[in-house]
There are 2 protein chains.
Amino acid sequence: MTEIIHQTASKPIEVDLLILNGLVLTLDSKDQRFDPGGVAIRNGEIVAVGPADAIRSAFHASRTLDVTGCVVLPGLINSHTHAAMTIFRGLADDLPLMEWLHQHIFPAERKLTEEWVYWGTMLACAEMILSGTTTFCDMYLFEHKVAEAAKAAGVRALVGEVLYDFPSPNYGPIESGLDYTASLARQWQGDPLVRIAVEPHAPYTCSPPVLKRCHELAERCDIPLIMHVSENDAEVEEILKRYGRRPVAHLADLGMLSPRFIADHCVALDDHDLDLLAERGVQVVHNPESNMKLASGIAPVPQLLERGVNVALGTDGCASNNDLDLFGEMDACAKLHKVATLDPTVLPAGTVLRMATRNGAKALGFEGKIGELSPGKWADIIVVDFEQPHLTPLYEPTSHLVYAARGADVRHSIIHGRLVMADRQLLTMDVNEVMERVRAFARTIRS
Amino acid sequence: MTEIIHQTASKPIEVDLLILNGLVLTLDSKDQRFDPGGVAIRNGEIVAVGPADAIRSAFHASRTLDVTGCVVLPGLINSHTHAAMTIFRGLADDLPLMEWLHQHIFPAERKLTEEWVYWGTMLACAEMILSGTTTFCDMYLFEHKVAEAAKAAGVRALVGEVLYDFPSPNYGPIESGLDYTASLARQWQGDPLVRIAVEPHAPYTCSPPVLKRCHELAERCDIPLIMHVSENDAEVEEILKRYGRRPVAHLADLGMLSPRFIADHCVALDDHDLDLLAERGVQVVHNPESNMKLASGIAPVPQLLERGVNVALGTDGCASNNDLDLFGEMDACAKLHKVATLDPTVLPAGTVLRMATRNGAKALGFEGKIGELSPGKWADIIVVDFEQPHLTPLYEPTSHLVYAARGADVRHSIIHGRLVMADRQLLTMDVNEVMERVRAFARTIRS
């Protein structure tokens with residue numbers, strides 16, 4: 001960086017976009033900060049990060065964002081969601097799990113169409129951009145439409161069709177589901193925004209042969225393998241009854257656990273599970289608000305982190321949260337584990353912010369490309385307006401980001417170098433059309 | 001209401017303000033809703049609530065808010081805070097309680113001045129109005145400045161000076177503290193916005209003689225008596241050691257417990273405590289986010305509600321939350337108790353919304369005046385913009401208010417009939433001056 005600036009002091013380098021005058025939190029390995037700082041962006045990548053003066057004199061861009069009073073940081077990474085479930089937001093709450101699923105969610109999902117999934121995902125992308133998320137990892141039905149929607153919205157995504165033993169309304173029998181996934185992976189290979197994963201639903205909905213075939217497909221395509229694991233005690237009991245071992249041990253026996261494996265939830269873990277997840281280098285995604293609302297339990301996140309497990313953060317779907325705001329999720333995460341352990345020093349703000357950025361990048365297989373602001377990384381950047389009463393005064397920006405900021409404080413968002421939101425206006429979609437489409441589906445669902 | 005409309009169909013009644021075309025949630029005893037609905041306001045009071053058409057034809061006002069696409073509901077009530085502690089927001093987090101208090105908060109508070117308290121409270125009022133709170137209950141130092149700030153900001157408040165055995169930087173010895181409180185009560189008697197309470201700090205900082213004198217003063221002035229009670233296990237152990245009984249039993253023995261008594265926190269309760277609080281009709285204020293962040297524990301709110309105890313909601317101060325957003329607090333409250341009890345049906349959204357409205361009104365002694373939208377009640381009303389991606393689609397507004405809305409979604413706020421925020425612009429203060437003042441104090445605190 002310094003070198004680039006010195007080389008070009010007399011003749012500024014042309015770039016696409018400059019972000020100047022904010023407090024820049026790089027979240028890089030040295031946790032560098034520049035205040036006031038600047039970021040230079042070209043061809044989807046970060047060219048330089050440094051003091052505002054140095055960036056201003058070294059670069060010239062057709063567009064410059066003056067972000068005085070704002071904090072500039074890597075875009076947040078929502079490592080587990082079911083984006084299209086925005087269409088069921090608030091349809092049914094506060095119910096016993098089985099009643100919620102069988103009397104509300106499953107009947108509504110029986111009406112599910114490609115079109116619902118596309119517009120539901122667009123709505124989710126709108127909400128995510130507006131609340132600072134620049135990458136999400138999705139599991140649902142009709143995922144080719146999720147991929148299309150993410151691409152259209154300009155949001156980075158790792159997506160995969162949910163796979164299970166019974167026939168799917170999208171692909172039919174499981175054989176077709178594996179083919180569908182392989183075909184999606186071929187179709188999107190090399191795309192700068194969208195990547196594909198193999199996504200068996202859960203140990204209780206996928207037989208061992210199906211799980212093995214999923215694992216083989218993920219290995220063959222060299223893509224992530226994603227699954228709900230140990231979401232609650234009932235699942236553990238069910239798997240113990242069926243296979244004589246707990247879900248994590250069951251998956252380990254099937255040879256599925258590796259750094260390629262992304263385990264969502266991981267609430268009900270014993271010490272042996274914790275050790276296995278650590279030994280095999282499994283990626284864990286924590287979804288505190290969904291786990292709270294569904295009364296699933298409290299994931300042993302401090303113990304996972306102590307063992308060196310990479311733990312990322314997700315919101316889960318809107319039917320069980322009921323929003324996709326990672327700022328709220330960070331706040332809940334930091335607070336929940338303090339009260340669960342009766343230790344106020346557990347999961348400090350900096351740790352939680354990394355779960356929602358760097359750890360997410362690593363979990364989803366984007367390590368070294370996103371999750372920090374450094375030269376050569378993809379330019380996924382958010383700008384948060386700190387000149388507001390609830391973020392005043394400012395002693396420590398990390399504290400505010402986790403404990404006081406909310407999605408609505410995000411002013412600009414850049415994904416892969418593209419400005420997708422400026423001054424809270426979405427630039428990649430007609431948000432009123434998106435909301436109107438989803439409202440029409442909701443009328444059908446209600447009737 | 002219907003009568004008024006019929007009487008005046010030919011000649012509209014003149015009022016000060018009309019709110020028309022929103023979905024009106026009255027939160028009255030019948031939980032009436034009007035969609036589209038309207039509210040008519042005159043002289044600080046609600047004159048009528050009903051269908052938009054009926055209100056439109058029966059009333060005329062110089063100012064009408066068209067709130068199509070919005071939800072109209074009673075302003076939220078923050079039943080426990082230390083407003084001026086905004087100046088310490090994010091100063092120190094994630095620390096053991098004693099280190100946090102003795103190395104960060106107490107040293108900073110030693111520098112406290114009247115001026116800090118005034119501007120810190122103004123900042124809190126800005127944040128509270130912007131996030132939908134129209135009434136707060138405060139405990140801190142230099143409370144005459146809190147009363148002044150609340151009045152200037154146009155926010156309804158129940159305030160009281162914190163009283164304890166040791167000398168106060170405001171009033172000096174406890175005798176003067178009681179006089180100071182009595183004098184405040186006289187000064188503000190009959191004020192439409194500000195009321196005064198007697199506020200001994202906690203059982204471990206106030207000797208029995210001091211507590212008795214506080215109780216007598218509250219009885220004599222016929223005003224609320226407010227105290228932190230059983231905030232964590234350490235307090236219970238300390239009081240057990242000193243007095244041979246737990247805090248609630250100790251206060252019961254002193255004759256202090258009655259419907260006048262507002263007990264903040266009530267985290268560490270046993271069955272006998274629960275029974276005592278219910279028998280004596282004590283008002284309890286739950287502060288879930290502070291209790292989580294400080295690792296105090298989880299208050300047995302479902303058990304309190306089962307016993308018929310009135311439980312209100314508070315944010316506590318910004319040093320331990322770190323914001324004053326009751327929408328976030330409602331969300332945390334509803335979710336925390338589900339996971340704590342492993343029962344997803346506990347504290348449904350409607351119950352939590354009432355904790356932040358009607359229950360707060362009752363707890364603070366404003367029952368029948370605020371907390372619902374009905375003719376004759378004071379006009380404390382908020383308008384929440386539901387035409388946003390994260391609040392789309394809409395099946396049930398109560399669900400969105402608790403699980404998906406955030407402070408920033410509040411568009412207008414009316415307190416005692418006065419429009420204090422319109423289109424997110426604060427009308428009762430220069431918010432930039434307020435933030436600049438507090439930033440200057442923060443520079444002193446940091447140095």
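All values below come from the heavy atoms of this structure, side chains included, with hydrogens, waters and symmetry mates left out. A, B, ... follow the sequence lines: proteins, then strands. Residue 1 opens every chain.
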Looking at [options], which has the largest count of heavy-atom pairs under 4.5 Å with chain B?
| options | result |
| --- | --- |
| A/Arg446, A/Arg439, A/His390, A/Arg406 | A/His390 |
| A/Val346, A/Leu336, A/Thr398, A/Val431 | A/Leu336 |
| A/Leu347, A/Leu123, A/Val402, A/Val438 | A/Leu123 |
| A/Gly297, A/Ser296, A/Cys318, A/Ala408 | A/Gly297 |
| A/Ser399, A/Ala405, A/Ala334, A/Gly407 | A/Ser399 |
| A/Glu127, A/Met128, A/Glu396, A/Gln388 | A/Glu127 |

Under 4.5 Å from any heavy atom of chain A, what part of [X] do you find: side chain, backbone, both or neither?
| X | answer |
| --- | --- |
| B/Leu95 | backbone |
| B/Asp331 | side chain |
| B/Ile445 | side chain |

By a 4.5 Å heavy-atom criterion (distance strictly below it), what part of [X] contacts chain B: side chain, backbone, both, or neither?
| X | answer |
| --- | --- |
| A/Leu294 | backbone |
| A/Thr341 | neither |
| A/His400 | side chain |
| A/Leu97 | backbone |

message = Rounded at 0.5 Å granularity, tell me how far CG in B/Asp233 sits from CG in A/Leu342.
response =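 If we round to the nearest 0.5 Å, B/Asp233:CG and A/Leu342:CG are 7.0 Å apart.
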Provide the closest heavy-atom pair for [X] versus [Y] in the form atom of the first, atom of the second, distance.
| X | Y | answer |
| --- | --- | --- |
| A/Arg89 | B/Thr392 | NE-O, 2.9 Å |
| A/Gly90 | B/Tyr395 | O-CB, 3.7 Å |
| B/Ala295 | A/Asp343 | CB-N, 3.5 Å |

task = Step by step, work out the side chain to side chain contact (heavy atoms under 4.5 Å, CB included) result for B/Tyr403 and A/Asp94.
result = CA-CA 11 Å; B/Tyr403 293 122; A/Asp94 310 324; 2.4 Å; yes
ask   = Within a strict 4.5 Å, meaning less than it, do heavy atoms of the A/Val339 and B/Ile298 side chains meet?
value =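 Yes, close enough: below the 4.5 Å cut-off.
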query = Among B/Pro344, B/Ala340, B/Ser131, who wins on heavy-atom pairs under 4.5 Å with chain A?
reply =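 With the most close heavy-atom pairs to chain A, the winner is B/Pro344.
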message = Only pairs of heavy atoms separated by less than 4.5 Å count here; which of B/Arg443, B/Glu99, B/Glu387 has the most with chain A?
response =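 The candidate making the most pairs under 4.5 Å is B/Glu387.
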task = Please list all pairs passing the salt bridge (charged side-chain N to carboxylate O under 4.0 Å, His left out) test where one or both residues lie in residues 287-302 of chain B, with sequence neighbours left out.
result =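 Output for this query lists A/Lys335-B/Glu289, B/Asp93-B/Lys293.
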